[in-house]
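The basis for the numbers below is simple: all heavy atoms, side chains too, and nothing from hydrogens, waters or symmetry mates.
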Amino acid sequence: MGIIFLLSLIVYGFTKESYNTIESTSIWVRNYFGYFYLYLGLACVLLLIGIAFSPLGKIKLGKKDQKPVHTLWAWTAMLYSAGMGAGILLRAVQEPVFMQQNPPFPSSNTPNILALEFTFYQWGLTAWAFYGLFAMIVGYALFVKKKKVLVSSTIEDTITYKPARMGIDVMTIITTVFGLIAAIGLGTTQINGGLTHVFERNFDISTTLLLAIVISSIAFVSVWKGVNKGIKILSKLNILLTLALLVFIFVTSDMGNILWSFAKASLQYLIDFIPMSIAIGSYDPGIEFLTDWTFYYWAFWLAWAPFTGIFIARISKGRTLRQLLLGVLIIPSLGTFFWFSVFGSSAFQLIESWGNYQNEFDNVFSSIFKFFEHYPLSTVLNLTTILLLISFLVTSVDSAVFVLSMFSDKGKKEPSKMHRLLWSVFILLGALAIILLGNAKPEINVLIAVQKLLIITSLPFAFFMVAMATIFLRELINDKKAPL
């Protein structure tokens, strides 16, 4: 908390200087370690698929006769709300359209299919593999080996030096906090964009700061009530609202074209997955494109892996590793693919009907609201999206605060409410700092600041993920509980 508080103070006092330092450091990381992020992502996907289909997949997180604590519906709703949330609203239209207008690499497919394929790539198996790897390792330590909810507990049998283990926990907490405040900064800025669009007046940075305070306060109430009373209820509400929005756009658009695009792009994604994952040959979009998109996304998923993975582990008691891994990889990926197919394909048809695209969907913070202008009940759709953004952000924040509280409260499964209060306050301080950082210069925004920051802060954790996975795999194979 002291480190986070100090860094926040530095940003408050030296905003432009802080941004310049972050910018130069991010360039260094990109040049030397950018492709490492890609290789790590591919390795995680292959490892999880291998474990899921091996005899190791039969291992249950809990006792042999333990039944899953949560139904598949509740489990899916909570993991999706915590793992993706507001991001799918932020990028629903803007990202597929950008990929269509700026193809990442040459392809025999149409620009529409290539755009969806590359969007799937950035939101699909790799993102959930980072989460699933962490969930598996922590879940095994928690429910099979009966250890505390601490990242260091997953490697304590190999690394016995206490200061080193404490450093690992501190690094995990800081990585988690940066990932979370990045999401709050992006989400609140998009809500601001939605309010500006709906009410046709300019809401400035003070509104964004106020939104961050409101969302953090609601999240604190939710996390104070706990998983079952607060987080689960809000997660189910999120999924219901998201499905309602998705179904409305689907049935009022060209459903046949959407379904065909979904199937074609999904198949092409599976065919091209490995060459895209290592950016080889004609599948290499170039260093600048990768930095703005893929490196940033991989860094974002890595930053979210600790709290999302631990949260998924905590709600997965009673499931086998196979159920956990395949569920985490397949269910949310397919849901995300269909989401982008609906919004992306519909946006492509709008652009085609116009005959001339004038960058209407270029602004990441307002694109979805401009998209809704071309549908019935646009005001209702916009207000629903704003409500959904708030709700998704709340569930992401309350999930993360709960996990951070477990970290700091000696790994307890039910951390004290004082820890939940403290983390809610410190997350808010960090979120306010990132919003200010995103307004440090006229030519940048919160998204640019977040991209550069996360590429830096996720790097140490990326190296730790390699060590943690190696240690876990060795222990899992040697463990007597493994049915080999």
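Between the side chain of S391 and the backbone N or O of L387, no donor-acceptor pair lies under 3.5 Å. At least one donor-acceptor pair closer than 3.5 Å links the side chain of S458 to the backbone N or O of A299. No donor-acceptor distance shorter than 3.5 angstrom exists from the side chain of S333 to the backbone of I330, with no hydrogens or angles considered. With hydrogens and angles disregarded, a donor-acceptor distance shorter than 3.5 Å links the side chain of T21 to the backbone of E17. Between the side chain of S26 and the backbone N or O of E23 there is at least one donor-acceptor pair closer than 3.5 Å. Put simply, the side chain of S345 never gets that close to the backbone of V342: no donor and acceptor are under 3.5 Å apart. A side-chain donor-acceptor contact under 3.5 Å links Y37 to the backbone of L459.
Atom CD1 of I3 has 12 or fewer heavy atoms from other residues, nucleotides or ligands within 6.0 Å. For I280, the CD1 atom counts as loosely surrounded, since its 6.0 Å shell holds 12 or fewer non-hydrogen atoms of other residues, nucleotides or ligands. Taking a 6.0 Å sphere around CZ of F463, one finds it holds more than 12 heavy atoms contributed by other residues, nucleotides or ligands. More than 12 heavy atoms of other residues, nucleotides or ligands shown are found within 6.0 angstrom of OH on Y12.
Looking at heavy atoms from C-beta onward, Y39 lies out of side-chain contact with L42 at the 4.5 angstrom threshold. Two residues are said to be in side-chain contact when any heavy atoms from C-beta on lie closer than 4.5 Å; F105 and S282 fail this criterion. Side-chain atoms of F402 and I310, non-hydrogen and from C-beta on, never get closer than 4.5 Å to each other. Using a 4.5 Å heavy-atom threshold, the side chains of F464 and T175 count as separate. With a 4.5 Å cut-off on side-chain heavy atoms, V394 and V221 do not count as touching. The side-chain heavy atoms of I113 and F348, taken from C-beta on, include no pair separated by under 4.5 Å. At a threshold of 4.5 Å between non-hydrogen side-chain atoms, the residues V29 and F295 do not count as touching. At a threshold of 4.5 Å between non-hydrogen side-chain atoms, the residues L89 and L245 count as touching.
Closest of all the heavy-atom pairs between Y131 and I312 is CB-CD1, 4.2 Å. The minimum heavy-atom distance between T15 and L436, with the atom names listed, is CG2-O, 3.5 Å. Taking both residues in full, the closest heavy atoms of F461 and P306 are given as CZ-CG, 3.4 Å, listed atom of the first, atom of the second, then distance. For the residue pair A212 and I184, the shortest heavy atom distance occurs at CB-CG2, 4.3 Å. Nearest heavy atoms, I315 versus H70: O-CD2, 3.4 Å. Listed here is the closest heavy atom pair of V93 and A347: CG1-CB, 3.9 Å.
A donor-acceptor contact closer than 3.5 angstrom is absent between the side chains of E117 and N109. Residues W354 and E360 bring no donor and acceptor atom of their side chains to less than 3.5 Å of each other. In this model, a donor atom of one side chain and an acceptor atom of the other lie less than 3.5 Å apart for E95 and Y297. Using modelled atom types, one finds no donor on one side chain facing an acceptor on the other under 3.5 Å when comparing Y283 with S277. Judged by distance alone, the side chains of N112 and T110 never bring a donor and an acceptor atom under 3.5 Å apart. If you check the side chains of T208 and N192, you find a donor sitting under 3.5 Å from an acceptor.
Applying the ring pair (Phe, Tyr, Trp, His ring centres under 6.0 Å) test to F120 and every residue at least two apart in sequence or in another chain returns F337. Applying the side-chain hydrogen bond (donor to acceptor under 3.5 Å, both in side chains) rule to E352 yields no partners; only residues at least two apart in sequence or on another chain are considered.
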**OP:** Verify side chain to side chain contact (heavy atoms under 4.5 Å, CB included) between N363 and Q94, making sure each step is shown before the conclusion.
**Re:** CA-CA 7 Å; N363 189 317; Q94 184 263 344; over 6 Å; no

**OP:** Would you please test T196 and T207 for side chain to side chain contact (heavy atoms under 4.5 Å, CB included) and show each step?
**Re:** CA-CA 10 Å; T196 298; T207 305; over 6 Å; no

**OP:** Let me see the working for F262 and S266 under side chain to side chain contact (heavy atoms under 4.5 Å, CB included), right down to the final yes or no.
**Re:** CA-CA 6 Å; F262 168 68; S266 297; 3.8 Å; yes

Original post:
What's the verdict on side chain to side chain contact (heavy atoms under 4.5 Å, CB included) for I427 and L404, showing C-alpha distance, side-chain angles and the deciding distance?
Top reply: CA-CA 10 Å; I427 289 297; L404 288 167; 3.9 Å; yes

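Each of Y121, F33, F36 was checked for a ring-ring contact (aromatic ring centres under 6.0 Å, His included) with W298, and the lone residue meeting it is Y121. Tested against W301 for a ring-ring contact (aromatic ring centres under 6.0 Å, His included), the candidates W123, W128, F130 yield a single pass: W123.
Atom CG of L186 sits about 9.0 Å away from atom CG of L393, to the nearest 0.5 Å. In this structure, CZ on R30 lies 10.0 Å from CG on L290, to the nearest 0.5 angstrom. In this structure, CG in L437 is found 4.5 Å from CD1 in I22, a value given to the nearest 0.5 Å. We find the OG1-NZ distance between T457 and K452 to be 13.5 Å, quoted to the nearest 0.5 Å. Rounding to the nearest 0.5 angstrom, the gap separating the OG atom in S216 from the CZ atom in F220 is 11.5 Å. Taking OG from S367 and NE2 from H197, the interatomic distance works out to 10.5 Å, rounded to the nearest 0.5 Å.
Taking the ring centroids of W293 and F98, they lie under the 6.0 Å cut-off.
Ring planes of W28 and Y32: tilted class, angle from 30 to 60°. Using cut-offs of 30° and 60° on the angle between ring planes, the pair F300 and W304 is tilted.
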